[in-house]
Amino acid sequence: MALILALESSCDETAAALVRDGHIVVEERVASQADDFAEWGGVVPELAARGHVGWLPGLIDKVLGDAGLESSAVDAIAVGAWPGLIGSLLCAVTCAKVLALRWGVPLIAVDHVQAHLAAVHLGRDKIGYPLVGLVASGGHSHYYFTAEPGALELLGGTIDDAAGEAYDKAAATLDLGYPGGPLVDRLAREGNPKAYRLPRSFIRDEAIKLSFAGLKTALLYKVRGPKGRDPLTLDQQGVRDACAAFQDAAVDCLATKLCQAAEARGVRTIAVGGGVACNSGLRERLTAEATQRGWTLLLPDLVHCVDNAAMIGALAHFKLQRGELAPVDLVPLPTGAAGPRK
Ligand code: KG4
Ligand code: ZN
């Protein structure tokens with residue numbers, strides 16, 4: 001029985017969570033700065049970091065207070081330590097190191113991408129490995145074979161944009177605002193997916209590859225003329241149809257490759273993590289694919305698909321069990337694995 005305090009600040013969400021035994025969320029809080037960045041059309045790293053510094057202590061206080069627990073109840077501190085924006089990562093990593101030293105408990109450094117897949121443990125006592133998982137977020141769209149939590153073997157993924165990034169660009173093309181994924185998803189439900197023919201790169205290819213650059217550009221040219229610079233003249237229904245056609249193509253690619261990857265590895269459990277795992281079209285399509293094949297589909301709750309700290313606590317539990325502790329001189333890295341100061 002271990003209670004882990006997990007912290008996450010790799011991008012523009014500041015989050016703290018108390019997770020017991022890798023699957024029970026005792027308390028969690030997320031402070032998002034997404035609204036602050038809407039007017040900028042994306043995250044401003046310097047501002048995001050300042051926001052984290054302001055939010056972190058209060059969130060930690062809140063999760064402990066709401067759980068009715070003292071800091072002495074915490075067995076270990078976990079932190080998302082890579083990849084991410086360096087200024088943002090530094091906030092939670094520094095905070096976690098100080099708390100671990102002050103409270104005299106182990107520190108666990110967690111890979112944010114691995115944690116997105118480990119989110120499937122939250123609310124589930126046991127999970128049957130191996131599985132093939134897709135992590136689809138603003139920065140990643142990759143497929144992994146995983147034999148145990150956090151052990152990810154890369155099977156393939158996007159060769160250009162991440163799915164979330166493509167959604168955000170599609171939303172910008174359609175003047176919908178930021179972050180675009182949820183907006184496109186919502187409007188897609190009221191549109192006609194057959195209104196536009198949009199490309200599905202690599203869909204008939206055996207390789208586990210995605211490409212969203214062509215899809216994104218095709219949408220741009222269809223709705224803003226051959227050079228992509230014309231004003232948007234679509235009426236409301238036209239925008240809904242464009243969203244539906246984009247979603248249909250993106251989901252088709254993401255789901256087809258996940259099923260292909262699982263079949264190639266002879267695996268009957270599939271999982272999805274990351275912000276794009278919130279997508280209603282993707283969730284429906286994968287539910288249908290899994291039901292048809294008699295496979296197990298693991299989808300995290302929506303709050304655990306987007307950036308959160310509970311997923312960091314979930315993976316940290318298994319790392320703690322395996323004795324994979326972080327050094328006190330841990331430094332975060334924007335890419336690759338964080339490690340001791342060199
Ligand atoms: O995992 P996440 O919160 O942060 C990163 O690690 O990137 O993912 C954020 C991304 C954004 O690009 C956002 O537009 C996308 O996930 N997203 C969605 C949906 N909800 C969030 N994309 C498609 N459909 C959604 N419902
Ligand atoms: Zn993420």
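Both counts, for ligands and for their atoms, begin at 1 and track the order of listing. Here the structure is a predicted model, which is why all the values come from computation and not from measurement.
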Peer 1: Identify whether the distance between the nearest side-chain nitrogen and carboxylate oxygen of R283 and D185 falls below 4.0 Å.
Peer 2: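 The answer is no: the pair does not qualify as a salt bridge.
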Peer 1: What heavy-atom pair brings P149 and L315 nearest, and what distance separates the two atoms?
Peer 2: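 Looks like C-CD1, 3.7 Å.
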Peer 1: Are Y167 and Q247 close enough that a side-chain donor and a side-chain acceptor fall under 3.5 Å?
Peer 2: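 The criterion, which ignores hydrogens and geometry beyond distance, is satisfied for Q247 and Y167.
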Peer 1: Examine H140 and say whether one of its N/O/S atoms is closer to the Zn ion (ligand 2) than 2.8 Å.
Peer 2: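 Checking H140: none of its N, O or S atoms is under 2.8 Å.
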Peer 1: Just give me the atom name: the N, O or S atom of D307 closest to the Zn ion (ligand 2).
Peer 2: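 Nearest to the Zn ion (ligand 2) within D307's N, O and S set: OD1.
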Peer 1: Could you list the atoms of ligand 1 found under 4.0 angstrom from a heavy atom of G138?
Peer 2: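 Matching atoms, with element in brackets: 5 (C), 7 (O), 8 (O), 9 (C), 10 (C), 12 (O).
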Peer 1: Can you name the nearest heavy-atom pair linking S211 to I159, along with the distance?
Peer 2: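 Of all heavy-atom pairs spanning S211 and I159, the closest is CB-CG1, 3.9 Å.
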Peer 1: Please identify which atoms of ligand 1 are closer than 4.0 Å to at least one heavy atom of H116.
Peer 2: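 Listed by number with element, the hits are 1 (O), 6 (O).
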Peer 1: Out of all atoms in ligand 1, which are within 4.0 Å of some heavy atom of S137? Include the element for each.
Peer 2: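 Contacts of ligand 1 toward S137, numbered from 1: 1 (O), 5 (C), 6 (O), 7 (O), 8 (O).
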Peer 1: Would you call D66 and R29 a salt bridge, taking side-chain N to carboxylate O under 4.0 Å as the test?
Peer 2: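 Judged by the 4.0 Å cut-off on N to carboxylate O distance, D66 and R29 do form a salt bridge.
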Peer 1: Can you list the atoms of ligand 1 that are under 4.0 Å from a heavy atom of D168?
Peer 2: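 So the atoms of ligand 1 that pass are 11 (C), 12 (O), 13 (C), 14 (O).
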Peer 1: I'd like to know if D248 and R200 make a salt bridge, using a cut-off of under 4.0 Å between side-chain N and carboxylate O.
Peer 2: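 Salt bridge present between D248 and R200.
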Peer 1: Which distance, rounded to the nearest 0.5 Å, do you find between the CG of L220 and the NZ of K222?
Peer 2: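 One finds 12.0 Å between CG of L220 and NZ of K222.
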Peer 1: So does I24 get a backbone contact from the side chain of D21, meaning a donor-acceptor N/O pair under 3.5 Å?
Peer 2: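 The answer is no, because no donor-acceptor pair under 3.5 Å joins these two groups.
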Peer 1: Can G139 be said to touch ligand 1, with heavy atoms closer than 4.0 Å?
Peer 2: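 True for this residue.
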Peer 1: At a 4.0 Å cut-off, with the gap strictly under it, does some heavy atom of H112 reach an atom of ligand 1?
Peer 2: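 Per 4.0 Å heavy-atom rule, H112 contacts ligand 1.
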Peer 1: Could you state the interatomic distance from NE2 (H142) to CG (L155), rounded to the nearest 0.5 Å?
Peer 2: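 Result: 10.5 Å between the selected atoms.
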Peer 1: Looking only at protein heavy atoms, which one is nearest to atom 2 (P) of ligand 1, and how far off is it?
Peer 2: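 For atom 2 (P) of ligand 1, the nearest protein heavy atom comes out as D307 OD1, 3.4 Å.
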Peer 1: Which of the atoms of ligand 1 are close to G164, meaning less than 4.0 Å from one of its heavy atoms?
Peer 2: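 Every atom of ligand 1 under 4.0 Å from some heavy atom of G164: 12 (O).
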Peer 1: Just by distance, do the side chain of Q114 and the backbone of G150 share a donor-acceptor pair under 3.5 Å?
Peer 2: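 Pair found, side chain donor or acceptor close to backbone of G150.
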Peer 1: For atom 17 (N) of ligand 1, what is the closest protein heavy atom, and at what distance to 0.1 Å?
Peer 2: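 For atom 17 (N) of ligand 1, the nearest protein heavy atom is G275 O, 3.6 Å.
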Peer 1: Do me a favour and list the nearest non-hydrogen protein atom to atom 23 (C) of ligand 1 with residue, atom name and distance?
Peer 2: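 For this ligand atom, the closest protein heavy atom is N279 ND2, 3.5 Å.
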Peer 1: What I want to know is whether P179 and ligand 1 share at least one N or O pair that is separated by under 3.5 angstrom.
Peer 2: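 No - when backbone and side-chain N and O of P179 are compared with those of ligand 1, no distance drops under 3.5 Å.
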Peer 1: Taking the minimum heavy-atom distance to atom 22 (N) of ligand 1, which of G181, S10, C305, G274 ranks first?
Peer 2: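 Nearest option to atom 22 (N) of ligand 1, by heavy atoms: G181.
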Peer 1: Please work out, at 4.0 Å between heavy atoms, whether the side chain, the backbone, both, or neither of D185 comes within that distance of ligand 1.
Peer 2: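 Within the 4.0 Å criterion, D185 contacts ligand 1 through side-chain atoms alone.
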Peer 1: Going by the atom numbers of ligand 1, which of them fall below 4.0 Å from some non-hydrogen atom of V306?
Peer 2: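 With V306 as reference, the close atoms of ligand 1 come out as 3 (O).
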Peer 1: Specify whether H112 and H116 have parallel, tilted or perpendicular ring planes, treating 30° as the upper limit for parallel and 60° as the lower limit for perpendicular.
Peer 2: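 Aromatic pair H112/H116 classed perpendicular.
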Peer 1: Below 4.0 Å from ligand 1: does a non-hydrogen atom of Q247 turn up there or not?
Peer 2: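 Under 4.0 Å: no for Q247.
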Peer 1: Under 4.0 Å from a heavy atom of C278: which atoms of ligand 1 are those, numbered in the order shown and with their elements?
Peer 2: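 Close to C278: 20 (N), 26 (N).
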Peer 1: Is it true that some N/O/S atom of H116, main chain or side chain, lies under 2.8 Å from the Zn ion (ligand 2)?
Peer 2: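 True for H116.
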Peer 1: Can you give me the closest heavy-atom contact between V132 and F145, atom names plus distance?
Peer 2: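 Scanning both residues, the minimum pair turns out to be CG2-CD1, 4.2 Å.
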